[in-house]
Amino acid sequence: MRCPSLVSWVFFASAWSSAAVALPPSPETGWFATAGDLRISVARNNRRERDGTSTGSSIPLLRVRQGAGYRFSSHWALYGRVALLVNQHTDQIAYHFDDTITPGNLTLDNLYLAFTPRNGVELKLGRFQTAYELNSVIQDSLSRHDSSGTSVDWTNGASLTLGMNYKLHYIAQWNHRSGPGNGVADHPLLDYRHGGSRLMHYLALELPGRHGWSQLIADISVIPDVLPSFTSIDVGQHDLVASTLRMARDVPLHGRVIFHPSLELGYQRRTPSRISLGLPGGNEASGHWGIVAGFDLQHVGPGNLGLQIARVEEGYLLSPDYPANASSIELRYTWQTSPRQKWDIRYRLREDISRLAAQPIERVDHNLLLRYSLQFGSN
C-alpha cells in the first residue's frame, strides 16, 4: 500500500527509535545498544544549466539509523547498524547490501569486527564509517567523509588507529570495479577495473589540539592504477596521489563569542589533461588544488554561524563533498535546541570554474536547506 507522504515515514521512524532504545545497557560481554539518529532535511535547488536552461527542484529526505553490538570479550566486539533512507515518493522498502543506497532502500551501513587489545589501539575489519572533515560548522572534507548530510554510504575494508594524543590512522578501502561507494575519488574518468585500483590507501597523522588549535591533521590518499593516460607518449595507468592539510583555531572574543577560523588545503600530484575533462586547453594538465577556507562565530544567539569559501580545481578528483571544477560560498547557522536535537539552515552558491568546451556558459546552483537531527539510544 502506498504511503501518503513523507510524514508517514516520520511517524514510522519515531516508533522505530522508541523501540531501538529499549535495548539493555552495555554489559561487560553480550549485547549492547549503540546510538542512533534521525535526520530530516528539505532542500530547494535552483540550477542554471550549462546550455542556458534553468531547472528547480525541492528535495525532502528522511534518514534513520540504529546500531547494536555484541561484545565477546574486553578486546573483541561485533558492531552493526541499519540505515533507512526515504523521500516523498517512497511507497515500498527494498534491501540492498552491496551498493550505496538511494531513497526507498534499507541497508547495513556498519557491519564490522573491532579489536582493541589496549588503550590507543583499535582495528576494524568489515564495513564501517570514516570521516575526516574540517572542524567547522559546515564539516565537509576534501579527502574522506562517509554519510555526510542525509546520504548513506560507507567504507569496506580495514581501519587501524594507533595512539591517544598523537594519532596515526590507516585505512585500506576495498573498491568495487565500478568505483568507490562513498564518494571518494568517484569520478567517471577514473578507471577501477584494474587490479591495483581496487584497494585505496589512506594515511593520516592527527596532532592533539593545544594553544588554541582545535584541529591539526595531515593525510595522504593513494589509489594505484586508477588514472588513465591521455597521450600516446604517456601510456598506461597511473596512481592517484593526493594529500590534504586541515587546521582550525579558537580565538575568544567578547563575552562567550569565539572566532573559529579553519583552513583545508588539498593537492593532487598528477591530474588528467584538460581535454579529457571536456575543457579547452588540449593536453595541458588540469588544476591540482582544492582550497577550503572560512570561519565560525560560536555562541552567536542560541547557536553557531559559519561562512565558508571553497575552490576545487578541475583536476582535483578526490573530494567526496566538493565537486571538481567548482567554486562555492556557503553560509550556515546551526543550533542545539537540546543535547540530542539540532537544527541547520544554510544557503550555498556553487558555480563552475571553467566552462566546458562544448557548452556556452558555466553551471550555477543556488541551494537552500533546512535540516533537523535527533540522536537517540545509548552508547
Side-chain angles (χ1 to χ4, degrees), residues 49-51 98-100 130 132 141-146 151 153-158 170-204 219-244 264-292 310-327 350 352-359 362-363:
E49 298 284 0
R50 297 181 177 111
D51 61 3
D98 293 331
D99 303 306
T100 301
T130 59
Y132 293 86
S141 175
L142 285 171
S143 64
R144 179 166 292 272
H145 193 190
D146 292 349
S151 65
D153 47 45
W154 49 79
T155 296
N156 289 322
Y170 171 70
I171 298 168
Q173 175 178 327
W174 177 254
N175 299 317
H176 191 270
R177 62 184 294 111
S178 61
N182 61 349
V184 177
D186 185 12
H187 191 278
L189 196 65
L190 301 178
D191 187 355
Y192 288 88
R193 292 172 298 175
H194 300 269
S197 65
R198 305 294 293 278
L199 189 63
M200 179 190 307
H201 304 276
Y202 176 85
L203 185 66
D219 64 38
I220 184 169
S221 300
V222 180
I223 313 175
D225 304 329
V226 74
L227 190 62
S229 59
F230 303 103
T231 68
S232 58
I233 300 174
D234 185 23
V235 296
Q237 297 292 119
H238 301 284
D239 300 346
L240 188 154
V241 180
S243 56
T244 68
E264 182 172 12
L265 298 175
Y267 177 78
Q268 185 176 317
R269 182 178 61 86
R270 179 188 291 270
T271 61
S273 63
R274 292 180 62 85
I275 193 172
S276 67
L277 295 171
L279 301 169
N283 287 323
E284 177 186 346
S286 51
H288 297 258
W289 290 91
I291 303 173
V292 180
R311 178 183 173 90
V312 179
E313 294 184 330
E314 305 88 350
Y316 187 88
L317 307 182
L318 184 70
S319 174
D321 290 323
Y322 302 93
N325 187 31
S327 62
R350 178 170 286 166
D352 290 345
I353 296 173
S354 298
R355 179 181 60 84
L356 299 186
Q359 298 293 339
E362 295 83 5
R363 173 184 286 170

Determine whether Q237 and P228 make a side-chain contact, defined as any pair of heavy atoms from C-beta on separated by less than 4.5 Å. yes
Main chain of L189, side chain of H187: is a donor-acceptor contact present, judged purely on distance under 3.5 Å? yes
Would you say the side chain of I275 lies within less than 4.5 Å of the side chain of N283, judging by non-hydrogen atoms? yes
Residue pair L240, Q268: steps toward the side-chain contact (heavy atoms from CB on, under 4.5 Å) verdict: CA-CA 7 Å; L240 188 154; Q268 185 176 317; 3.9 Å; yes
Closest non-hydrogen atoms of T271 and G315, given as atom of the first, atom of the second and distance, are CG2-O, 3.6 Å
Side chains of R144 and T130: donor-acceptor distance under 3.5 Å anywhere? yes
Non-hydrogen atoms of P180 and V184 that approach each other most closely: CG-O, 3.0 Å
Which heavy atom of A310 sits nearest a heavy atom of V292, and at what distance? CB-CG2, 3.9 Å
R270/D239 under side-chain contact (heavy atoms from CB on, under 4.5 Å): CA gap, chis, key distance, verdict: CA-CA 8 Å; R270 179 188 291 270; D239 300 346; over 6 Å; no
Begin with the C-alpha distance, continue with both residues' side-chain angles, and end with the deciding distance and a verdict on side-chain contact (heavy atoms from CB on, under 4.5 Å) for Y192 and I223. CA-CA 9 Å; Y192 288 88; I223 313 175; 3.8 Å; yes
What is the minimum heavy-atom distance between S354 and N325, and which atoms define it? N-OD1, 2.8 Å
Kindly compute the distance separating CG (D51) from CG (L356), expressed to the nearest 0.5 Å. 11.0 Å
Are any side-chain N or O atoms of E313 and backbone N or O atoms of G290, one a donor and one an acceptor, separated by less than 3.5 Å? no
Hits for salt bridge (charged side-chain N to carboxylate O under 4.0 Å, His left out) against R50, two or more places apart or cross-chain, chain-then-number order -> D352
How many angstroms lie between CG in L318 and CE in M200, if you round to the nearest 0.5 Å? 7.0 Å
Within this structure, what is the CH2-OG1 distance for the pair W174 and T155, rounded to the nearest 0.5 Å? 14.5 Å
How long is the gap from OG1 on T244 to CD1 on I220, to the nearest 0.5 Å? 10.0 Å
What's the verdict on side-chain contact (heavy atoms from CB on, under 4.5 Å) for L277 and R274, showing C-alpha distance, side-chain angles and the deciding distance? CA-CA 5 Å; L277 295 171; R274 292 180 62 85; 5.9 Å; no
Heavy-atom nearest pair, A204 first then D219, reads CB-CB, 3.6 Å
Under the salt bridge (charged side-chain N to carboxylate O under 4.0 Å, His left out) rule, what pairs show up with a residue in residues 187-199, not counting sequence neighbours? D191-R193
Could you state the interatomic distance from OH (Y316) to OH (Y267), rounded to the nearest 0.5 Å? 11.5 Å
Polar contact flag, side-chain donor to acceptor under 3.5 angstrom, S197-R177: no
Establish, from distance only, whether the side-chain atoms of S221 and S143 form a donor-acceptor pair under 3.5 Å. no
Partner of N182 under side-chain hydrogen bond (donor to acceptor under 3.5 Å, both in side chains), picked from N156, N175, D146, is D146
Between atom CZ of R269 and atom NE2 of H238, what is the distance when rounded to the nearest 0.5 Å? 9.5 Å
Please report the shortest heavy-atom distance between S319 and Y322, naming the atom on each side. OG-N, 2.9 Å
Using only atom types and a distance under 3.5 Å, with no angle test, would you say the side chain of S286 pairs donor to acceptor with the backbone of E314? no
Do E284 and S273 come close enough that some side-chain heavy atom pair is under 4.5 Å? no
